[in-house]
There are 2 protein chains.
Amino acid sequence: MQTMDPVEQCDVLCVHDDRIDLVNRTLPDEDTLADLAEVFKVFGDTTRMRILCVLFESELCVCDLAKLLQMTQSAISHQLRILKTNKLVKARREGKTVFYSLDDDHVRKIIEMGLEHLYE
Amino acid sequence: MQTMDPVEQCDVLCVHDDRIDLVNRTLPDEDTLADLAEVFKVFGDTTRMRILCVLFESELCVCDLAKLLQMTQSAISHQLRILKTNKLVKARREGKTVFYSLDDDHVRKIIEMGLEHLYE
DNA sequence: TTATCATATGAACACTTATTCATATGTTTC
DNA sequence: GAAACATATGAATAAGTGTTCATATGATAA
């Protein structure tokens with residue numbers, strides 16, 4: 001078995017140092033990369049994706065979302081919280097009812113990009 | 001405690017049937033929604049996002065990726081498999097070495113959209 | 001104020017998933 | 001052929017996450 005030291009492995013025969021230098025100069029910092037992954041993680045759940053797509057057409061209250069998606073109010077509420085924290089949806093209160101809608105147009109564009117990728 | 005039946009809840013006071021009809025006519029089918037979430041799930045991991053961003057500049061072999069990201073060859077290989085299965089990267093063999101690169105321009109665009117969302 | 005309705009949330013559980021370890025596969029060189 | 005190297009992969013473990021259940025909060029109406 002070869003050594004598994006992540007820093008020193010195969011440094012003679014395979015590593016292409018010129019390319020590594022290039023990449024290191026232009027790579028986003030680790031915090032940005034983590035934030036990026038975090039955003040996409042929010043899109044990466046069926047329930048949340050269904051909520052977002054449903055909100056393409058119209059703002060909806062929690063109760064309507066639950067009925068549409070055939071899920072409990074609690075499950076929807078938990079997911080809406082994640083979507084709101086990550087600024088994918090925004091909330092508007094009207095009496096007892098809270099209406100949710102897409103936060104901005106990036107959400108739409110990101111999802112459309114995903115669809116394009118699926119159907120390429 | 002209120003009833004939790006997902007189909008029949010709060011059907012008198014809250015549900016906005018006109019909006020629900022509108023949404024149901026335009027919502028992508030469940031398979032598409034699941035595939036969409038699946039794609040974004042692939043972007044939603046720090047290691048895979050780091051791999052993708054590193055591949056922005058240049059194709060790289062597994063060994064270089066492991067060195068760059070300070071991770072074991074095995075961990076990188078497992079993640080590359082997921083990226084390849086979902087058509088985010090492609091592989092090119094050259095002797096013992098396998099070079100990976102971004103599969104198409106959608107990957108770039110999707111990540112750029114994510115960055116835009118972060119910095120809005 | 002009390003009752004009722006819509007929504008939010010904490011804790012527990014089940015399920016998923018990323019990494020590690022060990023090993024297998026595929027390629028080149030001797 | 002055997003040895004060496006780069007990569008791939010199966011199994012196990014640990015960490016993360018979505019849903020449920022129970023309950024809390026906030027708002028309206030009587």
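Note that this is a predicted model, so its numbers are computed, not measured. Proteins come first, then strands; the chains are lettered A, B, ... in the order of their sequence lines, and each starts at number 1.
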If you only use heavy atoms from C-beta on, which nucleotide in dA22(C), dT7(D), dT19(D) is closest to the side chain of S74(B)? dA22(C)
Are OP1 or OP2 of dA8(D) and a side-chain N or O of Y100(B) less than 4.0 angstrom apart? yes
How long is the line joining CG of L65(B) and P of dA6(D), in whole Å? 14 Å
Gap separating the CG atom of L80(A) from the CD atom of Q73(A), nearest 0.5 angstrom: 9.5 Å
Provide the closest heavy-atom pair for V107(B) versus L88(B) in the form atom of the first, atom of the second, distance. CG2-O, 3.6 Å
What is the distance, rounded to the nearest whole Å, between atom CZ of F99(A) and atom P of dT7(C)? 8 Å
For the OG1 atom of T85(A) and the CD atom of E38(A), what is their distance to the nearest 0.5 Å? 10.5 Å
If every non-hydrogen atom of T97(B) is compared with every non-hydrogen atom of C61(B), which pair is closest and at what distance? CG2-CB, 3.3 Å
Contact under 4.0 Å: T97(A) side-chain N or O vs dA6(C) OP1/OP2: no
Minimal non-hydrogen separation, A91(B) against V98(B), with atom names: CB-CG1, 3.8 Å
Interatomic distance, OH@Y100(A) vs OG@S58(A), rounded to 0.5 Å, equals 15.0 Å
What is the distance from atom CG of L115(A) to atom CD1 of I110(A), rounded to the nearest 0.5 Å? 12.5 Å
Ignoring hydrogens and angles, write down the donor-acceptor pairs under 3.5 Å from the side chains of residues 43-56 of chain B, residues two or more places apart or on other chains.
{"unit_1": "D45(B)", "atom_1": "OD2", "unit_2": "T47(B)", "atom_2": "N", "d": "3.1"}
{"unit_1": "D45(B)", "atom_1": "OD2", "unit_2": "R48(B)", "atom_2": "N", "d": "3.1"}
{"unit_1": "R48(B)", "atom_1": "NE", "unit_2": "V42(B)", "atom_2": "O", "d": "2.7"}
{"unit_1": "R48(B)", "atom_1": "NH1", "unit_2": "Q79(B)", "atom_2": "OE1", "d": "2.7"}
{"unit_1": "R48(B)", "atom_1": "NH2", "unit_2": "K41(B)", "atom_2": "O", "d": "3.2"}
{"unit_1": "R50(B)", "atom_1": "NE", "unit_2": "E30(A)", "atom_2": "OE1", "d": "3.2"}
{"unit_1": "R50(B)", "atom_1": "NE", "unit_2": "E30(A)", "atom_2": "OE2", "d": "3.3"}
{"unit_1": "R50(B)", "atom_1": "NH2", "unit_2": "L69(B)", "atom_2": "O", "d": "3.3"}

When rounded to the nearest 0.5 angstrom, what is the spacing between CD in Q70(B) and CG in L65(B)? 13.0 Å
From CD of Q73(B) over to P of dT9(D), roughly how many Å is that when rounded to an integer? 11 Å
Tell me which residues in residues 78-91 of chain A put a heavy atom below 4.0 Å from DNA chain D, sorted by number, or none. H78(A), Q79(A), I82(A)
Pairing residues for E116(A) by the side-chain hydrogen bond (donor to acceptor under 3.5 Å, both in side chains) criterion, not counting sequence neighbours: H106(B)
Expected string for nucleotides 25-30 of chain C under the B/S/- scheme (protein heavy atoms, under 4.0 Å, primed atoms plus P, OP1, OP2 as sugar-phosphate) is -BBS--
With sequence neighbours excluded, residues passing side-chain hydrogen bond (donor to acceptor under 3.5 Å, both in side chains) with D29(B): T32(B)
Among residues 31-57 of chain A, which residues get a heavy atom nearer than 4.0 Å to DNA chain D? K41(A), D45(A), T47(A), R48(A)
